[in-house]
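Data first, discussion second: the structure below is written as C-alpha cells.
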2 protein chains.
Amino acid sequence: MSRSMAKPAGGYHHGNLQAALEDAALDLLETTSAAKISLREVARRAGVSHNAPYHHFGDRAALLRALGVRGMAALLSAQEEAVAAATGPVERVRALGLAYVRYAAAHPQAFALVFDPDYCAAGTPSAEMAPLITRNEDLLAAEVAALVREPGYEGRDVMALSAALWSTVHGMAQLVTLEHLPVEAAEPALDALVR
Amino acid sequence: MSRSMAKPAGGYHHGNLQAALEDAALDLLETTSAAKISLREVARRAGVSHNAPYHHFGDRAALLRALGVRGMAALLSAQEEAVAAATGPVERVRALGLAYVRYAAAHPQAFALVFDPDYCAAGTPSAEMAPLITRNEDLLAAEVAALVREPGYEGRDVMALSAALWSTVHGMAQLVTLEHLPVEAAEPALDALVR
DNA sequence: TCCAGTTTCTTGTCACTGTCCAGATTGGAA
DNA sequence: TTCCAATCTGGACAGTGACAAGAAACTGGA
C-alpha cells in the first residue's frame, strides 16, 4: 500500500506528510487518470485536512509533477535493468524497447502522466525531470550507437535511428495502453522493424 | 472562426446550437487542452445559458467525444489526401505517415483528445468513432500490403509491419507535440526506417 | 527551564465547475 | 386555435482548487 512510512504519531504534526501525500496519490494513479485525481481526495486518504497539501506542494500541478518524476524514474530504471540483463547489441535494443512498452502496459496512468503536457511539459521540464529525460535519451543513443557498429546496421545515422526507435517504442506503448494494439502484438511488431 | 452557421436570430431558440457548441469548443481546443475546457465556458461563447448544452449532449464527456470524432475524421482525411497525391507504394506510405505527424503538430490538442482514454476510449469506441478507426486501419493495411509487393520488401508480415508503422508514426506525432522531437526530425527519422 | 519564532496543520471562505430540477418560451402538429 | 414536445432559462447543490487567518507543535536560544 504505502511506499514509505505512514503517519507515525497521532499528533498535530504528521511527520512525513510530503511522502505520504505522494504515496496516496500514486495509489490513486493505479486506477484513476491524473486528470481525475483531486487534491482533496489525496488529503483525505492521507488523513489530513483539505489544505495541508499546500504546505508541501504549491498547487495541484506540483503534486502531479512530483508523481511524474517518480514515474519517469521508474520507467528509466525498468529500461536500464532490461538492458543490463540482455546480451548483444540487437538483443539489448530489443529488451530496452520491450521494457518501455511493458512499463506503460503495467502502469498506464503513470505512463500517461509522464508524457502529459498539462503537467510534465517537455518544452520546459522541471529541475528534477530534466536529468531523467537526458539520461533516457543517452541510454537509447548509447545502445543505438553500439547497434550501428554491428554487421548489417553499419552507416546508419545514429540520431535519426534513435529518434525512429524512440518513436516506435513510444507509439507502441501508447497504442497498447489505449487497447488499440494487444500487448502480444508489440513483440513481433518490434522485431519486424529491428529484424 | 466559426465553422458553420452562427446564431441566426435573436429569439429564444438558437436554431443550430449543437453545431455552434461544437464550433465554440473546437475554437477553445486550438489553444486549450481538452481537460481544461469547461462546459460553461463553451456555453458562454455560444451565447446561451450554462444549461443549454445538456439538451444536445448528455454531459461534458459527450461534447468532447463529439469533438474527438471530428478530430479523427480530420486526421483520416489528411492521410487520405496525402496518399492520393503520392505516387508509388513507398512514397505513399511515407506521405501517409507524414500527414499523420503534421496533423498532430498542427492541432496538438485535438490530436491528444482523439487518443485520450478518458473521453475516446479505444476499447469501447463510440458508434461514430468506430468506423473511422477501422477506416484508418484499413487505409494503412492497404498501403502496407501494396508495399510488401515491392522488390526489397517481399515476404514481410503485413499485420506486424502495419502495427510497427502505426506505432512509429503515432509515437513520432506524440513526441513532436510534446516537443521532445522537433518536427524537422520526423522526416529523416521516418526515412531511416522506411528506407 | 521557559519562551519567542517558525513551520505545519486546521477551519473558514470564495469563485468556479458539472449536473439536476422546475419553469418559461417556442415551433409545429392536430 | 390549441396542445404538445423540444428547447432554453434560472436556481440549486455538492465537489473542487485556491487563498487567508488562526491554532498547534517543533525549534533554538536565554
Side-chain angles (χ1 to χ4, degrees), chain A residues 2 4-25 27-29 31-68 109 113 116 118-121, chain B residues 4-25 27-29 31-68 109 113 116 118-120:
Chain A
S2 56
S4 65
M5 59 213 96
K7 181 190 285 197
Y12 200 98
H13 278 204
H14 184 286
N16 199 353
L17 185 53
Q18 171 139 0
L21 288 169
E22 289 185 20
D23 291 344
D27 281 349
L28 279 172
L29 203 59
T31 59
T32 317
S33 76
K36 293 180 181 165
I37 290 183
S38 83
L39 261 191
R40 290 170 108 106
E41 173 65 20
V42 172
R44 243 171 264 134
R45 296 235 176 171
V48 293
S49 84
H50 61 159
N51 247 346
Y54 284 89
H55 256 269
H56 300 274
F57 304 95
D59 57 10
R60 195 184 95 103
L63 208 206
L64 293 175
R65 266 196 303 272
L67 296 193
Q109 316 290 354
L113 172 58
D116 188 331
D118 279 356
Y119 306 114
C120 306
Chain B
S4 66
M5 58 214 95
K7 182 192 282 198
Y12 199 97
H13 277 205
H14 185 286
N16 200 352
L17 184 54
Q18 170 138 2
L21 289 169
E22 290 185 19
D23 290 345
D27 280 350
L28 280 172
L29 203 58
T31 58
T32 318
S33 76
K36 292 180 182 165
I37 290 183
S38 85
L39 259 191
R40 290 169 107 108
E41 173 67 19
V42 171
R44 244 172 264 134
R45 296 235 175 171
V48 292
S49 84
H50 63 167
N51 251 338
Y54 282 89
H55 262 269
H56 301 274
F57 304 95
D59 57 10
R60 193 184 97 104
L63 207 207
L64 293 175
R65 265 196 304 272
L67 296 193
Q109 316 291 355
L113 171 59
D116 188 331
D118 280 356
Y119 306 115
C120 305

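All of these numbers come straight from a predicted model, not from anything done at the bench. A note on names: the letters A, B, ... follow the listed sequences, proteins ahead of strands, and every chain is numbered from 1.
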Using atom NZ of B:Lys36 as one end and atom C1' of C:dT17 as the other, report the distance to the nearest whole Å.
15 Å

Could you tell me how far apart B:Leu17 (CG) and C:dG27 (C1') are, to the nearest whole angstrom?
16 Å

Quick one: does B:Asn51 reach the base of D:dG11 with a side-chain donor-acceptor pair under 3.5 Å?
yes

NE2 of A:His50 versus P of C:dC9: gap in Å, rounded?
14 Å

In whole Å, I'd like the distance from the CG atom of B:Leu21 to the P atom of C:dG18.
13 Å

Nearest-0.5 Å distance, CD of residue A:Gln18 to CG of residue A:Asp23:
10.5 Å

Length of the OH-P vector between A:Tyr54 and D:dA18, whole Å
4 Å

Would you please confirm or rule out a distance under 4.0 Å between OP1 or OP2 of C:dT17 and any side-chain N or O of B:Arg44?
yes

May I have the distance from B:His55 (atom NE2) to D:dA5 (atom P), rounded to whole angstrom?
14 Å

Any side-chain N or O of A:Ser38 under 4.0 Å from OP1/OP2 of D:dT16?
yes

So A:Leu39 and A:His50, do their side chains get closer than 4.5 Å, heavy atoms only?
no

Could you tell me the separation between the CG atom of B:Asn16 and the P atom of D:dA6, rounded to a whole number of Å?
18 Å

Provide, to the nearest angstrom, the distance between the CZ atom belonging to A:Arg60 and the P atom belonging to D:dA18.
8 Å

Counting only side-chain nitrogens and oxygens, does A:His56 get under 4.0 Å of the OP1 or OP2 atom of C:dT7?
no

D:dA14, OP1 or OP2 - any side-chain N/O from A:Arg40 closer than 4.0 Å?
no

Just one of A:Asp116, A:Leu28, A:Leu29 clears the side chain to side chain contact (heavy atoms under 4.5 Å, CB included) bar with A:Gln109, so which one?
A:Leu29

Quick one: are A:Glu41 and A:Ile37 in side-chain contact, heavy atoms under 4.5 Å?
no

